[in-house]
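One-based numbering, in listed order, for ligands and for the atoms of each.
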Amino acid sequence: MKVSVVKETAPGERRVALVPEAVVKLRTAGLDVLVESGAGDGAWHTDDSYADAGATVVSRAEALAADVVLMVGKPDAAAVAALRPGQAVIGLLAPLTDPDLTKALADAGVTALSMDMIPRTLPRAQPMDALSSQANIAGYKAALLGASQYGRFFPLLITAAGTARPAKVLVLGTGVAGLQAIGTAKRLGALVSAYDVRPETRTEAESVGATFIELTSVGAASGEGGYARALTEDERVAQQDELAGHIARHDVVITTAQVPGRRPPLLVTEDALKSMAPGSVVVDMGASTLGGNVAGSVPGDTVLTENGVAVIGASGLPSTMAAAASAMYARNISALLLYLTKDGELALDRDDELQAGVIITTGGAIVHAALAPASDPPEAGPDTDPSSPDQPDEGAARVLPGPAR
Ligand code: NAD
């Protein structure tokens, strides 16, 4: 079976789906590995390093003709057009927010497997959990970005030239990325507080060094599978108002809040930004073209508010650490591929819970339970009005890849 790696085409994407170490592993399992020339450049892996690991370096057209095509993100339109029935594609395909791509892959007769749909509750899926591996990297980098933008120290420093008090850092959202942001800011010496709408995250946040903040105006909003549910309009306003008081007392705020399949909830309003001291920093990991966790954040850019608060639109952070992110992603995708392979061939079985979770199209149809063609488009889809608040929970009946503990 020929397995290929294509070069990513999304703007600014530097990651690659397999690193040479993973090629060796797949070769040992009897797979032929093809790598598109230049695929590893952004992550500092040369064509020669792939060839040394046993891969064949090929053109894009040859890579796209393999039995299984591996990628980090989504295939672009030209790649989808090049695919043929019977081929398999594996990547972070985001089918909950990109129904058009899912349909195009089904129409192409391709078997598409989406890494972001892996049922994270299954212990055997944990080595394949790319959402966690990439969120870990993003949380680490978000804390570093906050520290480097902040014009003062994170740690307490007592020197002959004076004493610097430690920075007060607030992390909003304590999932995988948030916990890593807490740990990183803590290791840099900051005083870290954290908040999440799921109260069960308190122990985890405290275990990595944060003081957990509880809001009195909003109750628990734990949803299905370990994720948060979207808040109602009333809850959202109450949360924003109460959070604003906490935000004003912090020097650096890092936001990581997500609700699967929806636009990120707005946690830091314009008024909250106005209440912050000049020189404060807000890192919005949820920044997207649909709007992020922070009012006015621009993905990939840093905006300075009139009162001197730097708002960093920190989208795409894993790609900024492409070598580490690719190494982890390569382990995730190789683990899935080897799980699906029997005697050197892909042996798919949709009766298997893990596979049913990850296969989104096959045999010309959309087959995933959460992607029934008749359902409404997801709220976070491209047609969502970015100016509208995050939608309430009603109708969010999608089957999501729940996290495992
Ligand atoms: P995520 O990226 O979907 O969300 C990030 C965080 O934002 C979540 O903790 C969520 O509760 C929070 N959030 C959402 N709306 C919010 C709001 N309005 N206000 C404040 N916070 C809000 O989550 P994730 O990082 O993918 O992980 C979800 C959970 O699953 C975490 O508890 C994580 O530890 C757990 N998990 C465990 C494993 C494992 O043990 N193997 C693997 C993956 C995830």
Side-chain angles (χ1 to χ4, degrees), residues 92 94 96-97 115-140 142 170-183 193-205 207-208 210 212-215 217-244 246-247 253-269 272 284-286 288 292-294 315 317-318 328 332 335 380 389-393 396 398 400-405:
L92 288 161
L96 291 173
T97 52
M115 295 291 290
D116 44 356
M117 298 298 281
I118 283 175
R120 297 160 87 192
T121 43
L122 297 178
R124 66 182 183 281
Q126 289 192 10
M128 310 166 198
D129 186 355
L131 288 182
S132 286
S133 73
Q134 305 302 295
N136 233 318
I137 290 167
Y140 167 79
L170 173 61
V171 176
L172 298 177
T174 54
V176 178
L179 292 175
Q180 186 55 255
I182 294 170
S193 304
Y195 163 73
D196 197 290
V197 82
R198 292 182 301 125
E200 63 268 28
T201 63
R202 178 188 198 118
T203 335
E204 288 163 359
S207 74
V208 286
F212 197 78
I213 291 175
E214 256 180 54
L215 299 191
S217 60
V218 194
S222 308
E224 280 175 33
Y227 292 105
R229 64 167 172 81
L231 300 183
T232 64
E233 176 69 11
D234 287 350
E235 286 175 320
R236 190 178 60 79
V237 172
Q239 184 189 56
Q240 288 170 352
D241 286 352
E242 196 175 348
L243 269 182
H246 293 285
I247 290 165
V253 176
I254 300 169
T255 67
T256 77
Q258 297 283 347
V259 177
R262 291 169 178 271
R263 57 150 289 177
L266 183 71
L267 302 182
V268 184
T269 60
D284 184 3
M285 271 186 50
S288 76
N293 292 146
V294 183
S315 55
L317 291 184
M328 288 185 169
N332 298 143
D390 43 306
Q391 290 83 3
D393 196 40
R398 281 162 210 290
L400 296 165
R405 297 207 170 261

- Item | Partner residues of Ser315 under the side-chain contact (heavy atoms from CB on, under 4.5 Å) criterion, sequence neighbours left out | Pro299
- Message: Can you name the atoms of ligand 1, numbered from 1 with element, that are less than 4.0 Å from a heavy atom of Asp129?
- Response: 42 (C), 43 (C)
- Can you name the one residue among Glu235, Gln239, Glu233 that meets side chain to side chain contact (heavy atoms under 4.5 Å, CB included) with Val237? Glu233
- Note on the structure: To atom 9 (O) of ligand 1, the nearest of Asp196, Leu122, Val171 on a heavy-atom basis is Asp196
- Could you walk me through whether Arg202 and Glu214 pass the side chain to side chain contact (heavy atoms under 4.5 Å, CB included) test, one step at a time? CA-CA 9 Å; Arg202 178 188 198 118; Glu214 256 180 54; 2.4 Å; yes
- Task: Please could you name the atoms of ligand 1 that Tyr195 approaches to less than 4.0 Å, counting only its heavy atoms?
- Result: 19 (N), 20 (C)
- Derivation and outcome, side chain to side chain contact (heavy atoms under 4.5 Å, CB included), residues Glu200 and Ser222: CA-CA 8 Å; Glu200 63 268 28; Ser222 308; 2.9 Å; yes
- Item | side chain to side chain donor-acceptor pair (under 3.5 Å) involving Thr256 - partner list, sequence neighbours excluded | none
- Hey, does Ser132 sit under 4.0 Å from ligand 1 if you only count heavy atoms? yes
- Has Leu267 got any heavy atom lying under 4.0 angstrom from an atom of ligand 1? yes
- Has ligand 1 got any nitrogen or oxygen that is less than 3.5 angstrom from a nitrogen or oxygen of Val176? yes
- Task: Examine the side chains of Gln240 and Thr269 and answer whether a donor and an acceptor come within less than 3.5 Å of each other.
- Result: no
- Task: Can you see which heavy atom on Pro265 is nearest to which on Asn293, and at what distance?
- Result: O-ND2, 2.6 Å
- Task: Could you check Thr174 against Phe212 for side chain to side chain contact (heavy atoms under 4.5 Å, CB included), going step by step and ending with a plain yes or no?
- Result: CA-CA 10 Å; Thr174 54; Phe212 197 78; 4.3 Å; yes
- The answer for which part of Ala257 has a heavy atom under 4.0 Å from ligand 1 is both
- Message: Using a plain distance cutoff, I'd like to know if Gln126 has any nitrogen or oxygen under 3.5 Å from a nitrogen or oxygen of ligand 1.
- Response: yes
- Item | Leu172, portion touching ligand 1 at heavy-atom distance under 4.0 Å | neither
- Message: Under 4.0 Å, heavy-atom basis, I'd like to know which part of Arg120 is in contact with ligand 1: side chain, backbone, both or neither.
- Response: side chain
- Query: Does any N or O atom in Arg198 lie less than 3.5 angstrom from one in ligand 1, N or O only?
  - Reply: yes
- Would you check whether Arg236 reaches within less than 4.0 Å of ligand 1, judged by its heavy atoms? no
- Task: Answer yes or no: does an N/O atom from Tyr227 fall short of 3.5 Å to an N/O atom of ligand 1?
- Result: no
